[in-house]
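Below, chain A is the first sequence line, B the second, and so on; all start at residue 1. What you see is a predicted model; the values in this text were computed from it and never measured.
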2 protein chains.
Amino acid sequence: MSTIHGMDPLLDLPQLRTFYTLAQVGSFTACARRLGRTQSAVSHAMAKLEDLTGVPLLDRRGRGLRLTEEGRRLYQACEQAFATLDAAAEDLKRHQTQARGRLRVGATVEFGSSILMRHMQPFLAANPDLEIDFTLSHDLVGPLLRDDLDLVIDCVDHPLPALKKSPLFRETYVVACAPAFRKAHRLRVPADLSRCPVLSLDKGGAWWNRFLVAVPDRDQPHLDRFIAVNHVRAMIHAAVEGMGALLAPRYAVLEELERGDLVALFPAIRPAEDRFSIYQKKVKAGQEKQRLLTRYLQSLSPEEFGS
Amino acid sequence: MSTIHGMDPLLDLPQLRTFYTLAQVGSFTACARRLGRTQSAVSHAMAKLEDLTGVPLLDRRGRGLRLTEEGRRLYQACEQAFATLDAAAEDLKRHQTQARGRLRVGATVEFGSSILMRHMQPFLAANPDLEIDFTLSHDLVGPLLRDDLDLVIDCVDHPLPALKKSPLFRETYVVACAPAFRKAHRLRVPADLSRCPVLSLDKGGAWWNRFLVAVPDRDQPHLDRFIAVNHVRAMIHAAVEGMGALLAPRYAVLEELERGDLVALFPAIRPAEDRFSIYQKKVKAGQEKQRLLTRYLQSLSPEEFGS
DNA sequence: ATGCTTCATGAGTACGATTCATGGCATGGA
DNA sequence: TCCATGCCATGAATCGTACTCATGAAGCAT
């Protein structure tokens with residue numbers, strides 16, 4: 001009755017996907033985690049959707065939210081619509097041209113050896129004629145510019161005009177230590193880290209800067225007992241053994257936190273995060289093999305990057 | 001095979017609606033018009049979609065674009081998905097609470113008397129318990145602030161913090177005249193308007209500024225023979241009779257242009273456009289009757305506003 | 001009460017979608 | 001052949017909006 005073309009822009013929004021996910025998982029926070037957004041984003045999105053439609057869709061009373069009657073109907077529509085769309089997407093994937101030839105990929109040591117390796121198998125299987133080799137190093141841009149690498153995944157920003165940058169994900173860091181260690185050193189606030197052994201990837205302790213910048217001035221600890229370990233995995237083991245406090249990418253210590261081998265310290269303080277991006281030379285970014293890998297990596301859900 | 005949750009963000013984009021519309025109308029320009037965007041926007045959107053999927057969806061060879069095989073399949077998926085979503089939207093509309101009480105709407109004379117009136121009937125029918133009255137005037141903000149009006153549709157910008165502004169549509173203007181008039185005055189470039197009778201809504205000729213600002217300096221005409229007519233409809237009739245050149249909102253002269261009673265002049269020059277917005281007092285914007293009308297107006301497709 | 005979740009909200013920001021201003025490439029008259 | 005004209009592509013600039021950040025309020029435990 002309202003629009004001439006029977007086309008209603010109302011329900012054609014990213015909000016809908018959020019609503020759909022939210023209905024599935026039943027919690028704003030969980031939904032946010034799965035979509036790689038903040039809880040606030042989900043809340044805003046739902047507020048907007050309800051405002052747009054003019055109908056309450058969520059029943060927020062009490063614990064564990066439920067859908068209203070209208071919400072349930074909308075959910076069913078989403079279920080159907082997204083199913084067909086996702087099927088279409090899947091279908092399109094099959095028609096992508098396969099990549100051939102050789103692709104030389106570079107990545108940081110920590111990221112490459114863990115997350116990247118864990119997720120490359122499906123891509124390799126889908127492109128049997130593609131030869132990939134990996135170079136894990138801290139110097140990535142040099143080889144990229146010298147054409148020793150075709151594509152690089154790095155977390156330091158390279159604002160070079162010759163490079164194409166595609167954002168990939170954000171890496172968050174946590175401070176943690178063994179439970180016994182926390183007790184022994186009575187760690188309650190950041191300042192308690194003073195005169196307490198801390199594990200660092202470098203000898204100077206610059207590694208801890210990404211944490212220190214997030215600490216308010218009054219609570220600044222004076223770190224002076226650094227234990228340098230130039231390998232993340234080794235550093236984690238050291239922390240588990242109670243050798244010192246640890247600052248590490250969250251994804252790297254998920255299991256240890258889960259098992260209780262490590263406990264997170266000062267959850268209120270969020271260290272600076274790294275933004276991982278894919279870098280390629282602009283002139284080569286158009287090549288099929290490069291685009292395929294870029295798309296594949298970007299299609300990985302944020303959860304898979306441990307954020 | 002790729003994403004863990006079977007949720008592929010690829011096809012969850014506004015781009016899709018564009019693609020769907022494009023496939024229906026078969027032309028970038030027409031699609032843009034229908035969606036109220038520029039041709040460029042549609043082009044960008046399709047480029048991005050094809051890049052994202054990695055599959056060519058459009059066949060641009062030759063005249064009149066066609067879909068590729070993959071494009072056709074995607075189109076069918078869209079057809080189905082959007083159908084269920086739009087049905088759901090329609091369903092939600094029925095559950096919107098009806099508005100009651102009285103709503104005093106203000107609008108500019110030209111807009112209110114034509115477009116607005118032509119589109120209010122469905123809204124009135126859907127809200128039988130709502131009494132609406134219209135005030136068409138050029139002074140709208142005053143009454144709005146004095147609470148003589150509840151909601152106002154205006155094209156001049158009011159950056160008042162107490163007012164909530166919701167963008168509605170853009171009004172484009174055209175310069176036109178009767179075919180015979182063009183011949184008689186040999187109108188080919190804007191400068192030819194010098195010493196040629198021009199119709200103006202005001203006596204000073206300020207009406208023509210929105211055209212003059214769009215004309216490059218070298219081609220500036222010296223308008224000096226103004227015929228003032230303080231009513232748009234009358235002005236159009238005058239133009240049809242060959243009394244002078246006309247500057248008018250495009251929507252107002254659509255029929256005349258269609259029938260050939262008027263011809264558009266200098267299509268390359270695009271006069272400054274008016275941006276119509278809905279203004280309401282923030283404190284009252286939350287009321288159901290106001291929100292309903294706002295949503296209704298915004299749901300009207302851009303085509304219906306003649307742009 | 002105190003803490004611990006979970007969601008809401010307002011202000012500020014960053015990114016992506018859109019526009020603007022072009023340029024290329026076809027087609028159809030003169 | 002030559003210019004008009006219509007259609008789409010493209011790069012840079014701009015604008016809006018969906019996000020984050022930093023809170024606050026409300027439910028449920030202890």
Side-chain angles (χ1 to χ4, degrees), chain A residues 9 12-19 22 25-33 35-52 56 58-66 157 161 164-167 170 172 214 216 267-270 272-273 275 277 282 286 298 302 307, chain B residues 9 12-18 22 25-33 35-52 56 58-66 157 161 165-167 170 172 188 214 216 264 266-270 272-273 275 277 282 286 302 307:
Chain A
D12 187 22
L13 304 155
Q15 265 91 266
L16 259 200
R17 186 68 91 165
T18 306
F19 169 76
L22 174 59
V25 302
S27 145
F28 281 57
T29 329
C31 172
R33 226 194 338 270
L35 297 177
R37 327 242 121 112
T38 61
Q39 169 269 322
S40 178
V42 178
S43 182
H44 278 294
M46 290 308 96
K48 179 143 206 178
L49 186 59
E50 286 184 314
D51 177 74
L52 237 46
L58 303 174
D59 178 3
R60 298 160 165 88
R61 293 169 316 188
R63 172 72 61 173
L65 77 150
R66 306 186 50 71
D157 194 37
K164 176 177 175 182
K165 172 182 175 180
S166 324
R170 303 183 181 193
T172 57
I269 313 279
R270 267 172 305 189
E273 57 189 13
R275 296 155 104 94
S277 298
K282 274 181 182 160
Q298 290 180 330
S307 49
Chain B
D12 187 21
L13 304 155
Q15 267 88 273
L16 259 198
R17 187 68 91 165
T18 307
L22 174 59
V25 301
S27 143
F28 280 57
T29 330
C31 171
R33 224 192 343 267
L35 295 176
R37 330 239 119 111
T38 60
Q39 170 267 320
S40 177
V42 177
S43 181
H44 278 296
M46 291 306 95
K48 180 147 203 178
L49 186 60
E50 286 185 313
D51 178 74
L52 238 46
L58 304 174
D59 177 4
R60 299 157 163 90
R61 292 170 317 185
R63 172 73 60 175
L65 78 150
R66 307 184 49 70
D157 195 37
K165 171 182 174 181
S166 322
R170 302 181 182 193
T172 56
R188 296 192 47 83
F266 332 124
I269 312 280
R270 268 172 303 187
E273 55 190 15
R275 296 158 106 93
S277 298
K282 274 183 183 161
S307 47

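When rounded to the nearest whole Å, the span between CG of A/Asp59 and P of C/dT6 equals 18 Å. Between the CZ atom of B/Arg17 and the C1' atom of C/dA17 there is a distance of 17 Å, rounded to whole Å. The nearest whole Å value for the distance from the CG atom in B/Leu13 to the P atom in C/dC15 is 18 Å. Protein atom CZ of A/Arg61 is 14 Å distant from nucleotide atom P of C/dA8, rounded to whole Å. Atom CG in A/Leu58 sits roughly 13 Å away from atom C1' in C/dA8 (whole-Å rounding).
Comparing A/Thr38 and B/Pro167, the nucleotide of DNA chain D nearest to each residue sits closer to the 5' end for B/Pro167.
OP1 or OP2 of C/dA17 lies within a sub-4.0 Å distance of a side-chain N or O belonging to B/Lys48.
A/Thr18 places none of its side-chain heavy atoms less than 4.5 Å from the side chain of A/Leu49.
Counting all heavy atoms, side chain and backbone alike, A/Ser166 lies closest to A/Gln298 at CB-NE2, 3.4 Å.
Interatomic distance, NE2 of A/His44 versus CD of A/Gln39, reported as 8.5 Å (0.5 Å rounding). Remark: B/Leu13 CG to A/Arg17 CZ distance equals 9.5 Å, nearest 0.5 Å. Rounded to the nearest 0.5 Å, atoms CE (A/Met46) and CD (A/Gln15) are 6.5 Å apart.
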I need a per-nucleotide contact map over nucleotides 4-16 of chain D, read 5' to 3'. Cutoff is protein heavy atoms under 4.0 Å; write B for the base, S for backbone only, - otherwise.
---SBBBBB----

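Residues passing the side-chain hydrogen bond (donor to acceptor under 3.5 Å, both in side chains) test with B/Glu273, sequence neighbours excluded: B/Arg170.
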